[in-house]
Amino acid sequence: MVNVKKYARVSERYTTKGISARTRIVAPKQRGPLYSRATFFERNCPLQFEPRDQFEQRQKKLEQIQALGHAAYPHEFRWTHTPAAIVAEFGKAEAAELEAKKVEVRTAGRIVSYRLMGKAGFVHLQGSGARIQIYVRKDVVGEAGFALFHLLDMGDSVGVRGHLFRTKTNELSVWVEELTFLSKAFLPLPEKWHGLADVEIRYRQRYLDLIANEKSREVFVTRARITQELRKFFDARGYIEVETPMMHPVVGGAAARPFVTHHNTLDIDLFMRIAPELYLKRLTVGGFDRVYEINRNFRNEGISTQHNPEFTMLEFYEAYSNYRDLMDLNEELFAELAKKVTGSTVVKYGELELNFGKMERLSMREAIIKYWPAEAGAAPTAEELAAVGGPTRIGERYNAWAKPAGAPYAAAKGVLSAGQWIGLLFETFAEAKLVQPTILYDFPTDISPLSKQKPDDPTLTERFEIYVAGMEVANGFSELNDPAEQERRFLAQIAQGGDEVPKQLDVDYIRALAHGMPPTAGEGIGIDRLTMLLTDSQSIRDVILFPQLRPIAGGAEESPNSAETA
RNA sequence: AGGGGCGUAGCUCAGUGGUAGAGCAGAGGCCUUUUAAGCCUAAGGUCGUGGGUUCGAUCCCCACCGCCCCUACCA
């Protein structure tokens, strides 16, 4: 709980009532102890943030800046160079050259270091992802300009006009002739050389993370480049990008628990989508032969370093192709993407070096044979895995060893079909072994309700997944386009029951298939995980700007009247 | 959900069963080429919360809360 009495006492000392209405700030709610309501005498800035002493102090400084004749919140600053542009253009220019040219620049940024030395001072401005030092002298900017300089704090935004030079220590700097106040920071920046280390604040107040941690900024710039390159890749191949509904009357397209929401006027429950798949395939029926969507999916499941309740997926569909065509396309896509984004097809990921230049291909049955633990006895053969009742026997044989040995146990929920056993065995001991980019193909039909069966073996489908660093990053298949078979599989799923399975038949999807869908291959790629791999991030929260976190206990619900009623 | 770790000044961290420590940030002063600028002064803490043991708890014990990691479901 907020210590109301303490704040009330402080408030009497530092009243902010002289500040004009225009200086009000609108700020996000924070955890309880970090903010409170102003007292009756401080209506101009109703929310008070911690640290209070600086919050008050800096508001007073803004008043003084206004008293010097500056606007509290100027509307623009015309610049000629961003800090990054100065560094890029003149980073190598020598002192004599700069002196001769006397390059005039106007640039702006946020103050990230501030060193005042009597009648002069040095400041670093951060903007456009770079830093440029500025040098402010009293005898150059004048009495009024230097008074303004005195009232600046770390975190403030300023603009400067001046020329470039190099200091004694040879740092490229702006010799400031005119200083323009742009915006006041009432709250301090994160600590200056440890930066912002508190991961919770990094996620909750991402803006601070982006200011303080260059690595974090780079991750999100890279993320933007990834989606940009993906769009280029598909656009160049004749695809069109679409947006399909995020609110679905019937869940489908994946096995996952949905979020439920409600539409008031229609008075119906809607499901936040768990996959765009069924809508995108309706579009291939409609004649969009090559179509993709990059957007959010929502799954009401666990949160972990690899799972966020909302995550971004690229899904794409290509008519007249099959899953082999997609495998080839993926090899090209991953290699090209890695190269364009990181500069190399070999990418560092933690302790690993991932080679996107080449993808191993392995069928699911081969993976089980290959990664079968040697201690568990002789590995099963391909014939055993294909035999009637084979997978069940193999699963029981594995578990008979795993349980006493303390190895990962293949915990079957209820009675599993042969295909379910294959999938379970793969996940139990093989999946985590797929470190280098691997295309794992030929999934059992039982666990692939939307994939087309193999012509020579109806127990298997033409489906593959891509694994990297033990993580599933993509899932694609030759799309099942036989409406009768699709209906049979949906009904089998519904009969199977369980939270993760659709409970309702998507009749319109079957009808769409009944209008005839060309042979089509489709795939989904997890953009968050892909970004993790290409930015060397170990947690999905490091690649999602505002990851879902547990709400702050008490804080957000703090009574607006608590200070007044205390 | 189960197991492990962490929680001390605004930040990063020391520390002790007997009145709480540093650096940085913030305030005041000096300083016209600094860059972790420097020097001087003062200020800043319900040691996560609640119980218990004790003459006395920030420290020991218990519970709870929050965050992180691992495992389970999942992409």
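Throughout, a chain's letter reflects where its sequence line sits, starting with A, and its residues are numbered from 1.
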Please state how far atom [atom1] in [X] lies from atom [atom2] in [N], giving the value in whole angstrom units.
X: A:Glu431; N: B:rU71; atom1: CD; atom2: P; result: 12 Å
X: A:Lys168; N: B:rA37; atom1: NZ; atom2: P; result: 18 Å
X: A:Met117; N: B:rC39; atom1: CE; atom2: P; result: 15 Å
X: A:Gln54; N: B:rC11; atom1: CD; atom2: P; result: 11 Å
X: A:Tyr114; N: B:rU32; atom1: OH; atom2: C1'; result: 14 Å
X: A:Gln306; N: B:rU71; atom1: CD; atom2: P; result: 9 Å
X: A:Arg58; N: B:rG10; atom1: CZ; atom2: P; result: 15 Å
X: A:Asn300; N: B:rA1; atom1: CG; atom2: P; result: 14 Å

Worksheet entry | Cationic N near anionic O, under 4.0 Å, A:Glu277 to A:Lys281 | yes
Would you mind classifying the nucleic acid contact of [X] as base, sugar-phosphate or nothing, using non-hydrogen atoms under 4.0 angstrom?
X: A:Phe165; value: base
X: A:Ala474; value: nothing
X: A:Glu465; value: nothing
X: A:Thr167; value: base
X: A:Asn308; value: base
X: A:Leu116; value: base

Worksheet item: Does A:Thr305 have a side-chain nitrogen or oxygen under 4.0 Å from the phosphate oxygens OP1 or OP2 of B:rC68?
Response: no
Worksheet item: Do the side-chain N or O atoms of A:Arg115 get closer than 4.0 angstrom to the phosphate oxygens (OP1, OP2) of B:rU34?
Response: no
Whom does [N] pair with, Watson-Crick or G-U wobble, provided both distances fall under 3.5 Å?
N: B:rG44; answer: none
N: B:rU58; answer: none
N: B:rA63; answer: B:rU49
N: B:rC24; answer: B:rG10

Please report the distance separating the [atom1] of [N] from the corresponding atom of [M], rounded so that it comes out in whole Å.
N: B:rG18; M: B:rG4; atom1: C1'; value: 34 Å
N: B:rU32; M: B:rA42; atom1: P; value: 25 Å
N: B:rC11; M: B:rU16; atom1: C1'; value: 23 Å
N: B:rG56; M: B:rA63; atom1: P; value: 23 Å
N: B:rU8; M: B:rC47; atom1: C1'; value: 4 Å
N: B:rA22; M: B:rA9; atom1: C1'; value: 11 Å
N: B:rU34; M: B:rG28; atom1: P; value: 24 Å
N: B:rG48; M: B:rC6; atom1: C1'; value: 11 Å

Discussion item. Does anything in residues 131-146 of chain A come within less than 4.0 Å of RNA chain B? Heavy atoms only, and list the residues if so.
Written reply: A:Gln133, A:Tyr135, A:Arg137, A:Asp139
Item to complete: Check each of A:Ile544, A:Leu530, A:Thr535, A:Leu545 against A:Arg223 using the side-chain contact (heavy atoms from CB on, under 4.5 Å) test, and report the only one that passes.
Response: A:Ile544
Between [Y] and [X], do the side chains contain a donor N or O and an acceptor N or O under 3.5 Å apart?
X: A:Arg110; Y: A:Ser157; value: no
X: A:Asn330; Y: A:Glu523; value: yes
X: A:Glu315; Y: A:Tyr317; value: yes
X: A:Tyr467; Y: A:Glu465; value: yes
X: A:Glu479; Y: A:Ser451; value: no

Item to complete: Determine which pairs satisfy side chain to side chain donor-acceptor pair (under 3.5 Å) with at least one residue from residues 144-156 of chain A, sequence neighbours left out, and list them in order.
Response: A:Lys61-A:Asp153, A:Asp153-A:Lys184, A:Asp156-A:Lys184
Worksheet item: Got a donor-acceptor contact below 3.5 angstrom from the A:Ser113 side chain to the A:His124 backbone?
Response: yes
Of the nucleotides [options], which one has an atom closest to the side chain of [X]?
X: A:Arg541; options: B:rA25, B:rC68, B:rU34; answer: B:rC68
X: A:Lys119; options: B:rU33, B:rA37, B:rU32; answer: B:rU32
X: A:Arg204; options: B:rU34, B:rU33, B:rC67; answer: B:rC67
X: A:Lys61; options: B:rC68, B:rA27, B:rU34; answer: B:rA27

Solution key, residues 420-428 of chain A side-chain donor-acceptor pairs under 3.5 Å, sequence neighbours excluded:
from, atom 1, to, atom 2, distance (Å)
A:Gln420, OE1, A:Ser417, N, 2.9
A:Gln420, OE1, A:Ser417, OG, 3.3
A:Thr428, OG1, A:Leu424, O, 2.6

Discussion item. Taking the nucleotide of RNA chain B with the nearest heavy atom to each, does A:Asn475 or A:Gln538 sit closer to the 5' end?
Written reply: A:Gln538
Item to complete: Assign each of A:His124 and A:Asp153 to its nearest nucleotide of RNA chain B by heavy atoms, then name whichever residue's nucleotide is nearer the 5' end.
Response: A:Asp153
